[in-house]
Colleague: 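Dumping the structure here so I can ask a few things about it.
Note that ligands are numbered from 1 as they come in the structure, with each ligand's atoms numbered from 1 the same way. We count residues from 1, following the sequence as given.
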Amino acid sequence: MTLIPVAGPSITQLEIDYVADAAAHSWGDNANTYYERFHAAFSEYVGVRHAVSLPSCTSGLHLSLAALGIGPGDEVIVPDVTWIASVAPVRYVGATPVFCDIDPDTWCLSVDSFRECITERTKAVVPVEIYGSMPNWDALLRVAREHGISVVEDAAEAFGSQYGGKMAGSFGETGCFSFHGSKTVTTGEGGMLVTDDSDLFDRILFLRDHGRVPGDVSFVNAEVAFKYKMSAMQAAMGLAQVERAQELVKKKRTVFGWYRDRLEGVDGIFLNTEPEGVLNSYWMSTVILDPGFGLDKFDVIRELKARGIATRPFFSPLSSLPAFAASEQAKRASGRNIIGYRISRYGINLPSGLQLQETDVRRVCNALKEILGGTPWK
Ligand SMILES: *Cc1c(COP(=O)(O)O)cnc(C)c1O
């Protein structure tokens, strides 16, 4: 029995050719060619003015907070249910993370909870487009503007998603993407920061290269900062992936469609949503199971693994993790974030890789049905 992986990229001859070309030629006078092409193609796709490639999305979030001047004494609101990378940079700059609840349908930050978490110390919010889903951006941006709060968008999982015809990554003061091997667009490891704000972008370019302006070779650094770059070989791979963006997003939506055909409307199973005006790029096809089955996510994951199917748990609330649990903010959040605590316990990310075939999805759905009790579906 072959293992069905939970994720995986689509790599064609185009990626291989570009990477080989970069390895052979992207040096000296030619060192910047693939970066420039990648940045231009990416910013055009997202519909923003500026883009800069980075070693990770985590570094993009870190640079965003640092460039916005956020530091000790400031509070940054983050949804409680997300990957730890959304919040770790808040700690890197010495600020305090505040964990707000999530919305029961989109699984993104709840705007009501966001509003309730605002204090006079709140400087930024990090909305996360979880599994490709979009938050209620209209309401979210209205609240942020009313209170003068900066928006740092974590679009790591939402490459290609849209809200009201605008692309994921274009809503915040900055938008940050991940090109980790599991993501829709990959460079092995890597990330991208996008923004329309030219002053902020200049500050980010300065901070990401040890406190010097691009091209400076004086070695007279003005500040202690960071070194956040990817290689030209990675940029070459990223360029090929972005040139295939439509195809990659379409495949993600096809995979979700295969699951939806078999699981939608089944009692006790809830899938990713796509509200009116949203295009969900379904980085992960996800199910939330009714607690009535008497199985939590770790039980189901174990059973699926025994059947040769790799899955991942829905993120657990950050405020429940050993990394944060002792903090005052985590204690408050664990009592407050009822939706996040309820949903995250019963959520599973099903295999969603770009190589997946419909026969794989059928096998996953039949295994799930067997585990939950009953006969196989069509
Ligand atoms: C993958 C991911 C990140 C981090 O990306 P890296 O490139 O690994 O730093 C951040 N936020 C979310 C929501 C992610 O899924």
Colleague: I want to know if ligand 1 touches Asp154 in the polar sense, i.e. an N/O pair below 3.5 angstrom.
Modeller: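 Asp154 vs ligand 1: N/O contact under 3.5 Å present.
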Colleague: May I ask you to list the atoms of ligand 1 that are less than 4.0 angstrom from any heavy atom of Ala156?
Modeller: 2 (C), 3 (C), 10 (C), 11 (N), 12 (C), 14 (C)
Colleague: Is the distance between the ring centroids of Phe314 and Tyr131 under 6.0 Å?
Modeller: yes
Colleague: Nearest protein heavy-atom contact for atom 7 (O) of ligand 1: which residue, which atom, what distance?
Modeller: Ser178 OG, 2.7 Å
Colleague: To check your reading of the model: name the closest protein heavy atom to atom 9 (O) of ligand 1, its residue, and the distance in Å.
Modeller: Thr58 OG1, 2.5 Å
Colleague: Show which atoms of ligand 1 fall inside a sub-4.0 Å distance from at least one heavy-atom site of Ser86.
Modeller: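 What qualifies from ligand 1 is 11 (N), 13 (C).
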Colleague: Is it the case that the ring center of His210 lies less than 6.0 angstrom away from the ring center of Phe226?
Modeller: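 Ring centres of His210 and Phe226 not closer than 6.0 Å.
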Colleague: For Ile84, look at atom CD1 and say whether over 12 heavy atoms of other residues, nucleotides or ligands are found less than 6.0 Å away.
Modeller: yes
Colleague: Examine Lys183 against ligand 1 and note whether any of their N/O atoms are separated by less than 3.5 Å.
Modeller: yes
Colleague: Does Phe293 have its ring centroid less than 6.0 Å away from the ring centroid of Tyr346?
Modeller: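 Ring-ring flag for Phe293/Tyr346: false, centres at least 6.0 Å apart.
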Colleague: Just by modelled atom types, is the Ser182 backbone N or O under 3.5 Å from a matching donor or acceptor in the His180 side chain?
Modeller: yes
Colleague: For Val128, counting its heavy atoms only, list the atoms of ligand 1 lying under 4.0 Å from any of them.
Modeller: 13 (C)
Colleague: Is there a side-chain contact (heavy atoms from CB on, under 4.5 Å) between Lys123 and Leu65 once you walk through the steps?
Modeller: CA-CA 10 Å; Lys123 290 286 157 51; Leu65 297 171; over 6 Å; no
Colleague: Assess the residue pair Thr311 and Asn349 against the criterion (side chain to side chain donor-acceptor pair (under 3.5 Å)); give the C-alpha distance rounded to whole Å, side-chain angles, the decisive distance to 0.1 Å, and a yes or no.
Modeller: CA-CA 6 Å; Thr311 55; Asn349 297 139; over 6 Å; no
Colleague: Closest non-hydrogen protein atom to atom 15 (O) of ligand 1, residue and atom name please, with distance?
Modeller: Glu157 OE2, 2.4 Å
Colleague: Taking the minimum heavy-atom distance to atom 10 (C) of ligand 1, which of Cys176, Ala85, Pro79, Gly191 ranks first?
Modeller: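 The nearest heavy atom belongs to Ala85.
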Colleague: Does ligand 1 come near enough to Cys57 that some N or O of the ligand is less than 3.5 Å from an N or O of the residue?
Modeller: yes
Colleague: Taking a cutoff of less than 4.0 Å between a non-hydrogen atom of the residue and any ligand atom, is Gly190 in contact with ligand 1?
Modeller: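 Contact check Gly190 vs ligand 1: positive.
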Colleague: Do the two ring centres, one from Phe179 and one from Phe42, sit under 6.0 Å apart?
Modeller: yes
